[in-house]
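Nothing here was measured: the structure is a model prediction, and the numbers come from that model. Counting begins at 1 with the first residue of the sequence.
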Amino acid sequence: MESNNPIASLQRLAELLKKEMAYEREAYAQSLTADRIGSRMQEPGCRYPITLGRNEYNALDQLVLTLTYEVAEDETDIEFEPGKPVSLFYLSDNGQSVKELPYQCFVEQADVGIMGITLPYKSALQSIKTLDENHLLGIQIGIDTTSYRVMLDALSQAMHSDNEKFVHLRDTLIGPLHPSYRNLPRLSFPWLNLSQQEAVQKVIEAQEVSIVHGPPGTGKTTTLVEAIIETLQRETQVMVCAPSNAAVDWISEQLSRRGVNVLRIGNPLRMSNEMLDCSYERRYAAHPDYAELWNIRRTLREGHVGDGKSREKQARLAKLRDRATELEIRIQYDLFDQARVVSCTLIGSAYHILEHKHFSTLFIDEAAQALEPACWAAILKADRVIFSGDHQQLPPTIKCLEAARGGLDQTLMQKVAKSKPESVSMLTVQYRMNKEIMGFSSRWFYHGKLTAAPQVANQLVSPIDTPLMWLDTSQCHFGEKESRTLSRSNAEEARLLIHTLRDYIEMIGIGKIQDERVDFGIISPYRAQVRLIRKLLRWQRFFRTLRKQISVNSVDGFQGQERDVIIISMVRDNEKGTIGFLRDLRRMNVAITRARMKLIILGNAETLEKHKFYRELIEYVKEHGDFVVLPDPNENNAEAETTPEAKD
């Protein structure tokens, strides 16, 4: 049976990953067609045309070229995050075809309308300038072929490894073996709640695997940091990974603030400012022996080793090279020897300086968002693995539907939690949400096990407020619209949201909102609706003094964040009850659990309640909050009415 056959499972995973890679390559090739250039401004991850700006060298002696471009109103450049691979292209043959420049660049920094990219070599700048004289250039996010290569290589190694310890770990994670645990004295952490203490205890006792399952607001990071520090009481060094640089930086920062020596491995361009001083490159350059190494490297580059016969000169060069190698080995040894935690992304665990490193324990944070093949790249370097995350929130992004249906969207943490439930420790006390906001998520996703900490259980923006509201637009006949990018929008619902936000602020009092720094998050599952709401907000003079307190983004953009007030625009409005990817309930779990004190949902209940999840959510709001049926705006003198089930 394949589910109990690790080799077959990994082989199947490799096939699915190849499908995903082929799909991405095909989609990328199709995007570089002349007939699609005109709509580039509406597509994420692409800018056309661009204008060349200044060029200069960064701290790593890399050549950086600045680009400027126009952006659609209220568009952002969140896709162009530092370190992302990008490709330049131009139109040729009188605009009939698109040519891509034959090298890859990387984003150094990006802001709205401006971007800096690092070039692979100096001569690339001249070729770009030459092309710019005769063509309009564009830029788009390229395919990260390195990640695919790392993941496929990791799967191959995992399938063919004959290392006894690794085979045992592999067969425990995805095979027939069950995890084992040591019996250790009970640890005491008075500053943690009971479920957090149990999770740390299980991490310490686990011999192969343990899972810290942290639902929204339950202090997952706090628990994981404590588990890492407690592990370091027993082990000299551990590895900490996560699927994204932001997640690696976050956990690394928390450890560093607790006094743990963290060595951050990876591209400095993709690290937070706080972690730069912990980066391998900065530590390397700060080593006492680096000055001598730098001078030797400069001498070798310039060839200035004095006069003399050729044989003597070669001997001096060889001696310098040997000394440089000696210094390089010494510096690297010292950096790793001093570090208690080595942190990097899962893909970064294949970085060459980690090639022969091995760790007793590997911690994978945000494991529920990590592709399984990426996890194996890091697991190959460890004797046991600790997963941390929540498989009821956003999964990894899979572009190929066939690969997703085949199981590529199932994470390793998810598989282990299902097949080895004894490995899971769930955190059960949340410190974010009013208990009424928490209630439905707890019931649907977490078997009713979540409880609200006393300090947040009854928190409200104002004593006159309630924590839950649904504004039902079923009678309004708004209707939805599909955009050119296949995203969806609902203009009337967006306008209603703006009015709702203003009415709410006026009810609470704008002075109170400003004085207490009440913050608002506006969420829509659809990018087109996000853009529309941003545009409408800009037009409203009323919100100008509150700009920094109001954020508008997609569900993905709000992952890991929280706000005092969350307003969700559901968009879908049709008679058939078609809700598209609103069927991905994990996205809605993320959306509704961002709110601390107030959750407002705008949506057509008749459209949504054809799905069991939304039907039960609507019933929950009717029971625990305000369910307001909005009248048909075309009816004269109509006023919003509250259903009998709603509270006063």
_Just so I know, are the side chains of Y148 and I143 near enough to count as touching, which here means a heavy-atom distance under 4.5 Å?_
yes
*Salt bridge flag under 4.0 Å for residues K84 and D144*: no
*Cationic tip of K357 within the cone over F336's six-membered ring, i.e. under 6.0 Å and within 45° of the normal?*
yes
*Do Y121 and Y103 have ring centroids that are under 6.0 Å from one another?*
yes
_Check this for me: does any side-chain nitrogen of one of E292 and R297 sit under 4.0 Å from a carboxylate oxygen of the other?_
no
*Once the angle between the rings of F89 and Y48 is folded into 0 to 90°, is it parallel (under 30°), tilted (30 to 60°) or perpendicular (over 60°)?*
parallel
*Does L88 reach the side chain of I50, with side-chain heavy atoms less than 4.5 Å apart?*
yes
*Taking the side chain as every heavy atom from C-beta outward, state whether M239 and S349 have any pair of such atoms under 4.5 Å apart.*
yes
_Contact summary for D390 and P216, nearest pair of heavy atoms_ = OD2-CD, 3.6 Å
*Is R488 positioned over the aromatic face of Y526, cation under 6.0 angstrom from the ring centre and no more than 45 degrees off axis?*
no
_Test salt bridge (Lys or Arg N to Asp or Glu O under 4.0 Å) applied to D556 and R586, R587, R527, the passing residue_ = R587
*asked:* Please evaluate residues E20 and M151 with respect to the criterion side-chain contact (heavy atoms from CB on, under 4.5 Å), reporting the C-alpha separation (whole Å), side-chain torsions for both, the decisive distance (0.1 Å), and the verdict.
replied: CA-CA 12 Å; E20 174 75 2; M151 289 188 285; over 6 Å; no
*asked:* Quick check: do T66 and N55 have side-chain heavy atoms less than 4.5 Å from each other?
replied: no
